[in-house]
Amino acid sequence: MSSIKIECVLQMNCRCGESPVWEETSNSLLFVDIPAKKVCRWNSLTNEVQQVTMDAPVSSVALRQLGGYVATVGTKFCALNWEDQSTVVLATVDKDKKNNRFNDGKVDPAGRYFAGTMAEEVAPAVLELHQGSLYSLFPDHHVEKYFDQVDISNGLDWSLDHKIFYYIDSLSYSVDAFDYDLQTGQISNRRSVYKLEKEEQIPDGMCIDAEGKLWVACYNGGRVIRLDPGTGKRLQTVKLPVDKTTSCCFGGKDYSEMYVTCARDGMDSKSLSRQPEAGGIFKITGLEVKGICPYPYTG
């Protein structure tokens, strides 16, 4: 086994860093800071960080085939033109729930942008329950709603054969799977493939690796865990020097590096002095497994 190395590559002080996405064409990592309303792009070659500030909490960002990006801002699916920092609203959800916002989002292998909502938190992980729903923005900009009664809509990804959709509703402490129809974008047959143990804390963002195993960032657990969704077993735990790990993705020139986002909101000064890198971007190397490149939104 090669030794695993963890380093803070960007001391960003994100209040709640989330939704890391690797952009191969620019050797950059995209991510958001939800309460700061920022989309950020870190160039891994020059170490330069560019930021665009939105008019509402921005909870996820994804690549767009036409160029630029798409993002979930407040309760809106938006297109983001990076060059002139302009946004165009593609669709709005939860119009009857003024206190809601989007949370995590990701594009499926057919180019649909999946994202779920939740009630705005009064403190980290403290919120009105059952207010969220899961949605998908199709390439023609119409939106489908899959289900509601969600607490904190979170990590999502698809199996390598595109037949299973994985999903996390954080306060269920479960990683769930659905049968997935790639042609129609429909989901069915929900079941749990992994229940988190107490010390693992709250399941947050998630990604899949090139062997079909899932990696889940554990909020308040200070770790990412690797799961086998077929057996329901945890295969590996990688601990980080920060507690509030929020999400993860693979990147680098051959997708052999893992990037992890984290948060500092809700930490007192004592915790922050113990974890000075809280809110930073971490890179993990030596995992001996690669990821797959992200799918772009095709609308």
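Worth saying up front: this structure is predicted, and the values here are computed from it rather than measured.
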Side-chain donor/acceptor of T246 to backbone N/O of G17, under 3.5 Å = yes
Aromatic plane relationship, Y259 with W22 - under 30° parallel, 30 to 60° tilted, over 60° perpendicular = parallel
Ring pair (Phe, Tyr, Trp, His ring centres under 6.0 Å) with F102: which residues, sequence neighbours excluded?
-> F77
Correct closest heavy-atom pair for C248 and A217 would be SG-N, 4.2 Å
Say whether Y295 and Y166 are linked into one hydrophobic cluster, either directly or through other cluster members, by side-chain heavy-atom distances under 4.5 angstrom.
-> yes
Taking the side chain as every heavy atom from C-beta outward, state whether L240 and E277 have any pair of such atoms under 4.5 Å apart.
-> no
If two hydrophobic side chains count as joined below 4.5 Å and joins carry through other members, does V238 share a cluster with I225?
-> no
Are the charged groups of D33 and R264 less than 4.0 angstrom apart, N to O?
-> no
Pairwise side-chain contact, D243 with Q201, heavy-atom cut-off 4.5 Å (strictly under) | no
So do F282 and V224 actually touch side chain to side chain, heavy atoms under 4.5 Å?
-> no
Could you list the residues that satisfy ring pair (Phe, Tyr, Trp, His ring centres under 6.0 Å) with F178, not counting sequence neighbours?
-> F147, F165
Least distance between heavy atoms, H142 atom then D140 atom | ND1-OD1, 2.6 Å
Without swapping roles, check the side chain of S28 against the backbone of S26 for a donor-acceptor pair under 3.5 Å.
-> yes
Donor-acceptor under 3.5 Å (D209 side chain, G291 main chain) | no
Go through the steps for C249 and L29 under the test side chain to side chain contact (heavy atoms under 4.5 Å, CB included), then give the verdict.
-> CA-CA 9 Å; C249 79; L29 185 77; 3.7 Å; yes
Side-chain donor/acceptor of T245 to backbone N/O of C218, under 3.5 Å | yes
S192 versus D176, closest heavy-atom pair with distance | CA-OD1, 3.5 Å
Does R101 pair with E121 as a salt bridge, N-O distance under 4.0 Å?
-> yes
Atom pair CG (D104) and CG (N154), whose distance is rounded to the nearest 0.5 Å | 5.0 Å
Any idea which heavy atoms bring E257 and G252 closest together, and the distance?
-> OE1-CA, 3.3 Å
Compare all side-chain heavy atoms of I152 with those of N103 and state whether any distance is below 4.5 angstrom.
-> yes
Please report the shortest heavy-atom distance between P203 and S170, naming the atom on each side.
-> O-OG, 2.6 Å
Would you find more than 12 non-hydrogen atoms of other residues, nucleotides or ligands less than 6.0 Å from K290 atom NZ?
-> no
Shared ILVMFWY cluster between Y219 and L129, side chains joined below 4.5 angstrom?
-> yes
Pairwise distance OG(S44) to NZ(K283) - rounded to 0.5 angstrom | 7.5 Å
State whether the number of non-hydrogen atoms from other residues, nucleotides or ligands found under 6.0 Å of D181 atom CG is greater than 12.
-> yes
Would you kindly confirm whether V175 and Y167 end up in one hydrophobic cluster when ILVMFWY residues are joined by side chain heavy atoms under 4.5 Å apart?
-> no
Do the charged groups of R226 and E211 touch, with an N to O distance under 4.0 Å?
-> yes
Heavy-atom donor-acceptor pair, K106 side chain to M206 backbone, under 3.5 Å | yes
Can you see which heavy atom on V143 is nearest to which on A91, and at what distance?
-> CG2-CB, 3.4 Å
Any K244 side-chain heavy atom under 4.5 Å of N220 side chain | yes
Would you call L90 and Y297 a side-chain contact if the rule is heavy atoms closer than 4.5 Å?
-> yes
Would you check if the distance from the ring center of W82 to the ring center of Y69 is below 6.0 Å?
-> yes
Keeping the roles fixed (side chain from R64, backbone from G299), state whether a donor-acceptor pair exists under 3.5 Å.
-> yes
What is the distance from atom CG of N27 to atom OG1 of T46, rounded to the nearest 0.5 Å?
-> 9.5 Å
Are any non-hydrogen side-chain atoms of I6 and P241 less than 4.5 angstrom apart?
-> yes
So, the side chain of T261 versus the backbone of S247: is there a donor-acceptor pair under 3.5 Å, distance only?
-> yes
Give the C-alpha distance, both sets of side-chain angles, the deciding distance and a yes or no for salt bridge (charged side-chain N to carboxylate O under 4.0 Å, His left out) between K233 and D228.
-> CA-CA 5 Å; K233 297 275 191 295; D228 184 335; over 6 Å; no
Stepwise, does the side chain to side chain contact (heavy atoms under 4.5 Å, CB included) test hold for I208 with W215?
-> CA-CA 6 Å; I208 199 161; W215 292 82; over 6 Å; no
Got a second to check how far L80's CG is from L30's CG, nearest 0.5 Å?
-> 9.0 Å
Report whether V107 and L63 are members of the same hydrophobic cluster (ILVMFWY, side-chain heavy atoms less than 4.5 Å apart, transitive linking).
-> no
Over 12 non-hydrogen atoms of neighbours within 6.0 angstrom of NZ in K145 = yes
Hey, what do you get for NE2 (H130) to CD (Q149), rounding to the nearest 0.5 Å?
-> 6.5 Å
Walk me through it: do I168 and D204 pass the test side chain to side chain contact (heavy atoms under 4.5 Å, CB included)?
-> CA-CA 7 Å; I168 291 168; D204 200 326; over 6 Å; no
Any donor-acceptor pair under 3.5 Å from K37 side chain to I34 backbone | no
How long is the gap from CD on Q85 to CG on N81, to the nearest 0.5 Å?
-> 9.5 Å
Steps toward side chain to side chain contact (heavy atoms under 4.5 Å, CB included) verdict (R190, Y146) | CA-CA 12 Å; R190 186 174 189 165; Y146 295 103; over 6 Å; no
May I ask you to test the M267-R274 pair for a side-chain heavy-atom distance under 4.5 Å?
-> no
Could you tabulate the donor-acceptor pairs under 3.5 Å formed by side-chain atoms of residues 110-117, not counting sequence neighbours?
from	atom 1	to	atom 2	distance (Å)
R112	NH1	D108	OD2	2.7
R112	NH1	Y180	OH	3.3
R112	NH1	L182	O	3.0
R112	NH2	L182	O	2.7
R112	NH2	Q183	O	2.8
Y113	OH	S60	O	3.4
Y113	OH	S60	OG	2.6
Y113	OH	T72	N	3.4
T117	OG1	D94	OD2	2.8
T117	OG1	S133	N	2.9
T117	OG1	S133	O	3.4

Got a donor-acceptor contact below 3.5 angstrom from the D169 side chain to the S172 backbone?
-> no
